[in-house]
Amino acid sequence: IQMTQSPSSVSASVGDRVTITCRASQGIDNWLAWYQQKPGKDPKLLIYVASSLQSGVPSRFSGSGSGTDFTLTISSLQPEDFATYYCQQTDSFPLTFGGGTKVEIK
Amino acid sequence: EVQLVESGGGVIRPGGSLRLSCAASGFTFDDYGMSWVRQVPGKGLEWVSGINWRGSNSGYGDSVKGRFTISRDNAKKYLYLQMNSLRAEDTALYHCARDLLKRAYYHGMDVWGQGTTVTVSS
């Protein structure tokens, strides 16, 4: 299953609403996770089964979608949110990642 | 403290073999599925392999299938990745990572080790 993220990068300002999309090459029901990775750090799980917020993750992060099309939304971008975001399908082996979306400061 | 610590990386010639290890602590290891994920510096994440909590089911990325073997020793709380027929394109930082939920299908990885570096070069 191929996972395609868009955009590959986005420039945004603090307070902006940011939406990242992830498309699966075939239906994966809601078996999708989202991660945040900052430079030099390990990935951090944000969302699982498409829309469930991982414990400790701020509520400005939300996920939606089912089947082949998914979105990660940051409702009001904070300085600590500038990072690269990855989706991963957890429906079937191999558990493929998307190519990543870098959220940069405008 | 929940912790994963990888070891076994190094510099190896193309065609060679390495075995990576991941020591788990701070949680009931045999309750969780585990994965190996690699990343070339400056590039994206690539899922390499995963194994369920019992060790009875495993999967591999297309680029490593037939060359890498994942295994686990629940008594010792270790995860392993045997890597054979190594290629230059296997050069990366290799992380082990724990699945989110106990005794469940894969939901995502909530605990990550710092990684061990594998360099394949002649």
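In the text below, chain A, chain B and the rest are named by the order of the sequence lines, each starting its count at 1.
When heavy atoms are compared at a cutoff of 4.5 Å, B/Gln114 approaches chain A by way of both its backbone and its side chain. Proximity to chain B (any heavy atom under 4.5 Å) is shown, for A/Pro39, by neither the backbone nor the side chain. With a 4.5 Å cut-off on non-hydrogen atoms, B/Lys43 touches chain A through its backbone but not through its side chain. When heavy atoms are compared at a cutoff of 4.5 Å, B/Ser49 does not approach chain A at all.
B/His107 contributes atom NE2, which lies 8.0 Å from atom CG of A/Asn30 (distance to the nearest 0.5 angstrom). Distance check, rounded to the nearest 0.5 Å: CD of A/Gln88 to CG of B/Leu45 gives 8.5 Å.
The candidate from A/Ala33, A/Pro43, A/Ser52 with the greatest count of non-hydrogen atom pairs under 4.5 Å with chain B is A/Pro43. Taking chain B as the reference chain and counting heavy-atom pairs below 4.5 Å, the highest number among A/Tyr48, A/Trp31, A/Phe97, A/Trp34 is found for A/Phe97. If you tally non-hydrogen atom pairs under 4.5 Å between each of B/Val37, B/Asp110, B/Leu100 and chain A, the highest count goes to B/Leu100. Counting heavy-atom pairs under 4.5 Å between each of B/Gly113, B/Gly50, B/Gly42 and chain A puts B/Gly113 at the top. For the set A/Thr96, A/Leu32, A/Asp91, the count of heavy-atom pairs under 4.5 angstrom toward chain B peaks at A/Asp91.
One hydrophobic cluster, built from ILVMFWY side chains closer than 4.5 Å, holds both B/Tyr60 and B/Met34. Residues B/Trp36 and B/Ile12 are members of one and the same hydrophobic cluster, defined by side-chain heavy-atom contacts under 4.5 angstrom among Ile, Leu, Val, Met, Phe, Trp and Tyr. Under the 4.5 Å side-chain heavy-atom criterion for grouping Ile, Leu, Val, Met, Phe, Trp and Tyr, B/Tyr78 is not connected to B/Phe68 through any hydrophobic cluster. Residues B/Val118 and B/Val64 are members of one and the same hydrophobic cluster, defined by side-chain heavy-atom contacts under 4.5 angstrom among Ile, Leu, Val, Met, Phe, Trp and Tyr. Connection of A/Phe70 to A/Val49 is not established within any shared hydrophobic cluster, with ILVMFWY side chains joined at heavy-atom distances below 4.5 Å, either directly or through further cluster members.
Although no hydrogens or angles enter the test, the distance criterion places a donor-acceptor pair under 3.5 Å between the side chain of A/Tyr35 and the main chain of B/Met109. Panel note: side chain B/Tyr106, backbone A/Gln89; no donor-acceptor pair is recorded below 3.5 Å.
Heavy-atom contacts from other residues, nucleotides or ligands closer than 6.0 Å to CD of A/Glu104 number more than 12. For A/Phe61, the CZ atom is densely surrounded, since the number of other residues' heavy atoms within 6.0 Å is greater than 12. No more than 12 heavy atoms of other residues, nucleotides or ligands lie within 6.0 Å of CZ in A/Arg23, so this atom counts as exposed by the packing criterion.
The ring of B/Trp47 has its center closer than 6.0 angstrom to the ring center of A/Phe93.
Between B/Tyr105 and A/Ser92, the shortest heavy-atom contact is OH-CA, 3.5 Å. Between A/Pro94 and B/Asp62, the shortest heavy-atom contact is CG-OD1, 4.1 Å.
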